[in-house]
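Just the heavy atoms: all of them, side chains too, but no hydrogens, waters or symmetry mates, feed the values below.
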Amino acid sequence: MPSWIRALILPLSGLLLSLPAAADVKARSCSEVRQAYGAKGFSLADIPYQEIAGEHLRICPQEYTCCTTEMEDKLSQQSKLEFENLVEETSHFVRTTFVSRHKKFDEFFRELLENAEKSLNDMFVRTYGMLYMQNSEVFQDLFTELKRYYTGGNVNLEEMLNDFWARLLERMFQLINPQYHFSEDYLECVSKYTDQLKPFGDVPRKLKIQVTRAFIAARTFVQGLTVGREVANRVSKVSPTPGCIRALMKMLYCPYCRGLPTVRPCNNYCLNVMKGCLANQADLDTEWNLFIDAMLLVAERLEGPFNIESVMDPIDVKISEAIMNMQENSMQVSAKVFQGCGQPKPAPALRSARSAPENFNTRFRPYNPEERPTTAAGTSLDRLRTVWRTMQHSVTDIKEKLKLSKKVWSALPYTICKDESVTAGTSNEEECWNGHSKARYLPEIMNDGLTNQINNPEVEVDITRPDTFIRQQIMALRVMTNKLKNAYNGNDVNFQDTSDESSGSGSGSGCMDDVCPTEFEFVTTEAPAVDPDRREEESSGAQGSYSLLSWSLVCMALALQRLHR
């Protein structure tokens with residue numbers, strides 16, 4: 001190198017070495033950032049008083065900065081916590097909807113059952129004393145099994161109701177044949193003739209349709225509220241990926257590092273970050289919406305345009321019809337039973353002194369609706385009517401809240417980015433943080449869902465690896481939706497029967513014990529098919545009548561006790 005060139009370079013080198021000192025003099029103050037950083041609860045010992053070179057930064061732009069390595073690490077963790085809180089707060093509505101409505105509906109239905117049983121028992125003990133008490137376990141056992149079914153017990157409704165009518169036949173058969181003594185084995189033989197002889201006419205079949213549909217709808221609905229509650233609670237607790245955490249830090253706190261702590265992210269920038277971070281949650285939306293639609297269909301069954309007053313008279317007619325059928329066919333029933341089970345042994349002389357027809361007519365005359373008790377029983381009726389109407393209002397309320405919860409998961413990014421504490425809003429697109437500086441955000445907004453994040457400019461998303469946990473929630477919703485659809489049609493299916501859902505693809509498509517509501521294990525029960533000309537049965541069965549069950553039992557028991565006279 002010529003000496004004259006060397007003579008020019010050396011002075012310039014000295015000048016260049018002195019430039020950092022000059023830049024330090026002109027470095028901007030970090031006082032505004034220090035104030036905002038301290039307000040977050042962090043130690044001011046982490047932050048410089050003036051900007052420093054940013055080569056050490058791993059997420060934010062490596063320019064002159066107010067952030068140290070410690071600050072970037074702490075603010076990165078802070079952005080993760082704030083994101084988790086934002087998701088939980090934003091999904092608060094849907095979570096509280098399922099929690100509170102599940103509690104309310106469950107309380108009402110349990111109270112309806114408890115009041116119906118208590119009213120029946122109190123009324124009959126007062127009115128008939130020992131005569132009722134000798135037969136009360138038939139009805140008590142029925143209520144016990146209905147409660148056990150509702151709470152998820154392994155109860156087959158059809159078999160249980162068939163057993164109820166068989167036991168009732170045994171009791172009535174003894175009373176219409178007091179001249180004979182019947183052993184337990186003989187009575188068991190009598191019960192086997194219930195379906196064949198149809199001593200109660202068509203009432204058992206009609207009530208079976210109505211009761212099974214009502215309880216299937218109620219139990220499935222409350223299970224749906226349980227599943228919705230659990231899924232909402234679980235999905236609202238997000239675990240952001242490393243790529244998401246980096247994007248959150250860049251969006252929320254890199255403005256601090258650039259000395260712009262009051263500048264909020266651009267709205268569209270926020271949307272892309274949230275869509276990338278919540279891509280799997282958005283994929284839940286399709287199955288969630290199908291689940292909500294199925295819940296609304298079952299709610300319509302429960303809500304039905306009927307009340308206790310409108311079903312009382314038809315029930316009275318049906319119960320009276322059952323008793324009259326037993327009365328009219330008592331001789332034929334007895335003859336066929338004696339033919340099939342053998343001739344029973346005569347009873348002691350005291351009991352056989354009375355003829356069978358006389359005993360039947362005095363003890364088993366049909367129930368007359370005009371003789372309905374109006375004193376203590378009226379109080380019970382008022383109490384049940386109040387509970388029933390309250391539950392009807394509750395179902396209506398639940399329906400409205402369910403409608404509002406549709407598309408909640410795909411709407412999360414939009415709800416979060418609308419928050420004034422998060423973004424600068426849509427009206428301030430020039431004076432917002434775009435990830436690099438205070439200026440307009442130019443990239444387009446991504447569509448919803450995992451597969452649409454392949455070109456997300458803000459978040460690194462591996463679209464080939466769906467979130468296993470979210471896929472488990474999708475499966476739980478799919479299983480519940482299938483059950484709700486069956487309940488809407490009056491059918492009860494085994495809760496663990498997921499054959500239709502077993503074709504799901506991707507990791508985690510199976511149902512896990514800690515996710516799917518496997519605590520409900522049910523046996524298959526299908527309501528009897530209804531012919532097109534049986535419009536009365538179809539209407540009452542489709543509406544699902546709790547009051548139908550409760551008051552049919554009251555009337556039935558009252559009729560039985562009057563027949564004991």
Side-chain angles (χ1 to χ4, degrees), residues 98-99 101-117 141-164 207-231 291-292 294-304 387-388 390-392 394-395 398-399 402 476-498 516-528 540-550 552-553:
F98 279 91
V99 170
R101 271 57 190 183
H102 172 273
K103 183 175 184 293
K104 184 180 294 186
F105 180 85
D106 187 56
E107 286 177 351
F108 287 149
F109 192 78
R110 288 174 186 266
E111 185 178 359
L112 190 70
L113 286 176
E114 291 291 340
N115 282 350
E117 182 177 18
D141 290 348
L142 177 61
F143 274 108
T144 298
E145 289 300 287
L146 288 174
K147 291 175 187 175
R148 196 161 71 87
Y149 172 85
Y150 172 72
T151 56
N154 188 20
V155 178
N156 186 303
L157 279 179
E158 289 191 24
E159 292 180 359
M160 183 268 292
L161 291 170
N162 289 340
D163 183 62
F164 167 76
L207 287 180
K208 183 190 296 185
I209 294 173
Q210 295 159 351
V211 169
T212 53
R213 288 181 172 178
F215 271 77
I216 288 169
R219 183 174 74 167
T220 308
F221 189 70
V222 80
Q223 289 166 8
L225 291 173
T226 301
V227 171
R229 178 191 65 193
E230 295 304 315
V231 169
F291 162 71
I292 295 297
M295 286 288 290
L296 290 171
L297 286 175
V298 175
E300 289 179 5
R301 293 294 202 211
L302 297 172
E303 193 180 27
V387 175
W388 172 248
T390 306
M391 192 170 74
Q392 293 291 77
S394 174
V395 173
I398 291 172
K399 280 181 61 179
L402 288 175
L477 290 172
R478 190 171 297 168
V479 171
M480 191 67 241
T481 299
N482 181 63
K483 185 168 178 60
L484 287 163
K485 289 179 179 178
N486 278 280
Y488 177 77
N489 294 319
N491 300 324
D492 200 9
V493 297
N494 189 300
F495 198 78
Q496 290 184 311
D497 182 8
T498 59
C516 292
T518 53
E519 61 269 24
F520 300 118
E521 297 181 5
F522 309 133
V523 294
T524 301
T525 304
E526 291 192 0
S540 58
Q543 292 171 347
S545 163
Y546 306 111
S547 52
L548 172 67
L549 166 69
S550 305
S552 66
L553 293 178

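Remark: K147 engages E114, E117 in a salt bridge (Lys or Arg N to Asp or Glu O under 4.0 Å) (not counting sequence neighbours).
Here E107 does not pair with K104 in a salt bridge; the nearest charged N to carboxylate O distance is not below 4.0 Å.
In terms of heavy atoms, A294 sits closest to L484 at CB-CB, 3.7 Å. When all heavy atoms are compared, the tightest approach of A299 to F221 is CB-CE1, 3.8 Å. In terms of heavy-atom proximity, L402 sits nearest to F98 at CD2-CZ, 3.5 Å. Looking at every heavy atom in both residues, R101 comes nearest to I398 through CG-CG1, 3.1 Å. Across every non-hydrogen atom of V298 and A487, the tightest pair is CG2-CB, 4.5 Å. Of all heavy-atom pairs between N491 and I216, the closest is O-CG2, 3.6 Å.
Put simply, the side chain of K485 does not reach to within 4.5 Å of the side chain of L297, judged on heavy atoms. Put simply, the side chain of F109 does not reach to within 4.5 Å of the side chain of V222, judged on heavy atoms. Counting heavy atoms from C-beta on, the side chains of M160 and L157 come closer than 4.5 Å. In this structure the side chain of L142 never reaches within 4.5 angstrom of the side chain of D163, judged on heavy atoms.
At least one cation-pi condition fails for R110 and Y150: the charged atom is not both under 6.0 angstrom from the six-membered ring centre and inside a 45 degree cone around its axis.
Atoms CE and CG, on M295 and L477 in that order, are 11.0 Å from each other to the nearest 0.5 Å. With rounding to the nearest 0.5 angstrom, the CG atom of N486 is 8.5 Å from the OG1 atom of T220. To the nearest 0.5 Å, atoms OH (Y149) and CZ (R219) are separated by 3.5 Å.
Put simply, the side chain of T151 gets close to the backbone of R148: a donor and an acceptor are under 3.5 Å apart. Listed for the R213 side chain is no donor-acceptor partner under 3.5 Å among the backbone atoms of G490. Between the side chain of N482 and the main chain of R478, no donor-acceptor pair closer than 3.5 Å is present.
Ring centers of F143 and F164: at least 6.0 Å apart, outside the cut-off.
By the neighbour-count criterion of 12 heavy atoms within 6.0 Å, atom NZ of K399 is densely surrounded, having more than that number from other residues, nucleotides or ligands.
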